[in-house]
Amino acid sequence: MGYGIILLLLIVPIHTAPVDYYGPEYDNVPEIELMDDPTLNIRTPGASIDAVSNVLGRLPKWVSAEFDAIVITGSNERLSEGSARLIGKATGVQIEATSPVDALYAIHAYLREFCGTMIAWEGENVPKNGDCMRPKEFERSFNSPKVRYFGNPCTFSYSFAWWDWSHWERFIDWLALSGFNMVLAPVGQEAIWTELWSELGISQKGLNEFFPGPAYLAWHRMGNVQALGGSMTPEYLESQLELNKKIVKRLTDLGIVPVLPTFAGFVPNEFESKFDQLSYLHNSCWKKLNETYSCTTSLHPQEPEFKTIAKAFIDKQTAVYGDITDVYSADPFNESPPQHVTDDDVTRMANAIFDGCTMGNSRCIWVLQSWTFGYDGWKKSTVKSFLTQVPKGRMLILDLQAENRPLYKEYEGFFGHYFIWCLLQNFGGSTLMRGNLGKLHETYRDALTSESSMAGMGLTMEGINQNYVVYQYMIDLAWTEKELFPHEWIIGYAGARYGTRSPVQARAWLMLLATFYTQVGHEYDPYKFLDNAEMTEEEQRREVFLYLRPKFSQRIRYWFPITILDKLGNAFSLLNRTLNGNELFRLDYADVMREVLQNKLSLRIEFMTNGYALADEKMMKKGCAQVEEAFDLLDKNEVHNLSDWIIMAREAARPKTEADAFERQALNQVTLWGPTGENNDYARKEWSGLIRKMNTLTMPSSFISTTRNVGPFSVTLFNRALDTIRRKWKRDC
């Protein structure tokens, strides 16, 4: 593969004593004295002198013309608290910032406030000719914590699985314009691992049984799956490595710290059979997948070879990218810990991962997701034993869902380790509308002002292209030291998003804020937009038929009066008359109308099931016809299309003969998610084409076939009929 590193192939079996895998350069590695660093000293890659101008050069020329001078005041050698200042004068606008991404955040803030312009991840509102309305003299200051992090391993499968450079280039520009300075970069690592495992004697068959297809790589990297979806060709692996070279190069040009992988212990099954005198941990099967596709194997951290493999991998990785980062990710026990793991195993694992990383890079800082602590119910004593094996300042913990369950409070501020307060918000990339801006304000401010080692803010959604308003609010919240009142902020947000302002638009967004984006109990309505006396529904939607499989005893239930839905639909329909040509408005309009139509759909499903309860076959068939009609309307309403996902998957295939296999994986991920629906509907998407295929043509017919002989309704039989049709459709595509 041309990495410029020559390693000795392993041609002898491993014994209980440490084996010299790679020759004398790896012998007698000196012990590194590690000291706590209370300042969280993170080295940054040297940003390009043209970092800001290069991003602006990909926008219309009028954007650059708005700014007279952009001055970067920081040294860009270490991450520091974010700071930027806009200074408006009669002659023009000047920017002073500590780093290129700080300056770019200020530029985007200026464009949104004064120019009716917005650059989002799913599209943009940037006119060819700008018309900025600013005071002759003004000043704006922005300040943020040291770390602004982006990345959840799942996003790289649920949203980024098939992306090429054109997608990544635009997305990295968005990251920079949002002020992020640390980004997860796991793409392409399988090419490096393939070379390493091959040199350790693992056969191609062994590699095929280890690596899954591209749609499932996120869960392979966290030790959950193997082999699922089929193997990847050398050509595809090489293409992904080349892609990540571009990603990492662009990140480092902007001064953004890439977070690269280190060894978390997962090994091919063939490794265990080949080197059977070593000890191993056998991880639990994940999400009901069988041993072929899950139940992965980890090298026991007590084995010296663990650290040797870690060093070898980092050496190879550094040869590919250069010495551009000290920050590495590893998640050894995510959602599938070994059944008989002991506190001693946990302690040894933390030691082995960190020591192996420092053998590869003596400045290693380990980024760890805290998710497993809460999800797998770790005891406080176990978490403490695990975390305290790593010196303070050498681990950065992602409090992955801090908006809902801040684990830093449960685990004593992670026992002194620095952590990043993260907004998760989304699972599987599903597109249901929800969020709570007021709660975000409260919980984030609480963490920021508490006596803790919070180092920054992060976005860790499982999928993008949903509820953008929540994430833009979180980004802005991280960049302001003042109160950011949602009901004031959201008016400006809508103005930038659409490039217009009107009373109808303001009222529509205030209704959205008071309903979908205040997802709490009816006792809390700080904006007094709703009449509390009307709010009799439960806090959460009990069931959403489009998002989850129907339970026919329930209707969709919201945490606000459903009469608001028609008002929202009317307001957005009125706006649609003038804003239909706006890319971002069309996305918002589709979201709102989906909720309006879905509420009507629930009434039709209720009619259909009433027919069943009354043993009225004519009523059942009429209800089914109405349900089909509602699903057709939903399908036509959507902007995102299943065909786009499939086309991207097919185009990513290397060689092109793999296109059919990639398409099958793409379809499986957003439907059955597993060979037999082990993670059914988890990554459901409300896309045109998918709604029709997966609902219009399946749900009513499944209901009819299940209830043909009227008797007690069986959810099991209904799901079985539904999945039979869906599996056939998947094969036919």
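FYI, the numbering just counts along the sequence from 1.
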[X] versus [Y], closest heavy-atom pair with distance:
{"X": "R654", "Y": "E658", "result": "O-CG, 4.0 Å"}
{"X": "T460", "Y": "C422", "result": "OG1-CB, 3.5 Å"}
{"X": "P655", "Y": "T233", "result": "CD-OG1, 3.7 Å"}
{"X": "I491", "Y": "A506", "result": "CD1-CB, 3.7 Å"}
{"X": "P214", "Y": "A161", "result": "O-CB, 4.4 Å"}
{"X": "M232", "Y": "G213", "result": "CG-CA, 4.3 Å"}

Residues [X], [Y]: salt bridge by 4.0 Å N-O rule:
{"X": "E617", "Y": "K621", "answer": "yes"}
{"X": "D591", "Y": "R594", "answer": "yes"}
{"X": "E629", "Y": "K622", "answer": "no"}
{"X": "E663", "Y": "R650", "answer": "yes"}

Using side-chain heavy atoms (C-beta onward) and a distance below 4.5 Å, is [X] in contact with [Y]?
{"X": "Y158", "Y": "V670", "answer": "no"}
{"X": "I119", "Y": "S178", "answer": "no"}
{"X": "V469", "Y": "W489", "answer": "yes"}
{"X": "W219", "Y": "N334", "answer": "no"}
{"X": "H640", "Y": "K685", "answer": "no"}
{"X": "Y473", "Y": "Y493", "answer": "no"}
{"X": "Q369", "Y": "M222", "answer": "yes"}
{"X": "L437", "Y": "M474", "answer": "no"}

Are more than 12 heavy atoms, taken from residues, nucleotides or ligands other than K600, located less than 6.0 Å from that residue's NZ atom?
no

Counting only heavy atoms from other residues, nucleotides and ligands, does the tally under 6.0 Å from CD of E122 exceed 12?
yes

Would a distance-only check, ignoring hydrogens and angles, find a side-chain to backbone donor-acceptor pair under 3.5 Å from [X] to [Y]?
{"X": "S336", "Y": "W286", "value": "no"}
{"X": "W559", "Y": "T518", "value": "yes"}
{"X": "Q189", "Y": "P186", "value": "yes"}
{"X": "N580", "Y": "N576", "value": "no"}
{"X": "N637", "Y": "A590", "value": "yes"}
{"X": "Q626", "Y": "R604", "value": "no"}
{"X": "N668", "Y": "G674", "value": "yes"}
{"X": "Q425", "Y": "R434", "value": "yes"}
{"X": "E462", "Y": "G428", "value": "yes"}
{"X": "S688", "Y": "D635", "value": "yes"}

Worked verdict on L642 versus L667 for side chain to side chain contact (heavy atoms under 4.5 Å, CB included)
CA-CA 9 Å; L642 173 64; L667 289 168; 4.1 Å; yes

Let me see the working for N152 and W371 under side chain to side chain contact (heavy atoms under 4.5 Å, CB included), right down to the final yes or no.
CA-CA 11 Å; N152 182 320; W371 178 260; over 6 Å; no

In Å, rounded to the nearest 0.5 Å, how long is the span from [atom1] of [X] to [atom2] of [Y]?
{"X": "T155", "Y": "N426", "atom1": "OG1", "atom2": "CG", "value": "8.5 Å"}
{"X": "R170", "Y": "L175", "atom1": "CZ", "atom2": "CG", "value": "11.0 Å"}
{"X": "K636", "Y": "M593", "atom1": "NZ", "atom2": "CE", "value": "14.5 Å"}
{"X": "I562", "Y": "L568", "atom1": "CD1", "atom2": "CG", "value": "13.0 Å"}
{"X": "L184", "Y": "Y149", "atom1": "CG", "atom2": "OH", "value": "4.0 Å"}
{"X": "K246", "Y": "I172", "atom1": "NZ", "atom2": "CD1", "value": "11.0 Å"}

Before you tell me yes or no, could you show the steps for E583 and N125 under side chain to side chain contact (heavy atoms under 4.5 Å, CB included), namely the whole-Å CA-CA distance, both residues' side-chain angles and the distance that decides it to 0.1 Å?
CA-CA 7 Å; E583 179 182 19; N125 171 40; over 6 Å; no

For S573, what residues pass the side-chain hydrogen bond (donor to acceptor under 3.5 Å, both in side chains) criterion, not counting sequence neighbours?
none

Run the numbers on Q669 and S157 for side chain to side chain donor-acceptor pair (under 3.5 Å), then give the verdict.
CA-CA 9 Å; Q669 190 205 90; S157 288; 5.1 Å; no

F160 pairs by ring pair (Phe, Tyr, Trp, His ring centres under 6.0 Å) with which of W168, W645, W121?
W168

Would you call the rings of Y236 and F662 parallel, tilted or perpendicular if under 30° counts as parallel and over 60° as perpendicular?
perpendicular

Classify the ring geometry of W163 against F171: parallel below 30°, tilted from 30° to 60°, perpendicular beyond 60°.
perpendicular

Are [X] and [Y] linked by a side-chain donor-acceptor pair shorter than 3.5 Å?
{"X": "D588", "Y": "Y498", "result": "yes"}
{"X": "D476", "Y": "Q472", "result": "yes"}
{"X": "Q226", "Y": "T296", "result": "no"}
{"X": "Y517", "Y": "N467", "result": "yes"}

Please lay out, stage by stage, how E595 and K567 fare under the test salt bridge (charged side-chain N to carboxylate O under 4.0 Å, His left out).
CA-CA 12 Å; E595 299 292 343; K567 294 179 181 178; over 6 Å; no

Is the Y293-W673 ring centre distance short of 6.0 angstrom?
no

W193 and F210 aromatic centres sub-6.0 Å
no

Does the pair K439 and N404 meet the rule for a side chain to side chain contact (heavy atoms under 4.5 Å, CB included), with working shown?
CA-CA 9 Å; K439 184 180 178 183; N404 188 52; 3.9 Å; yes

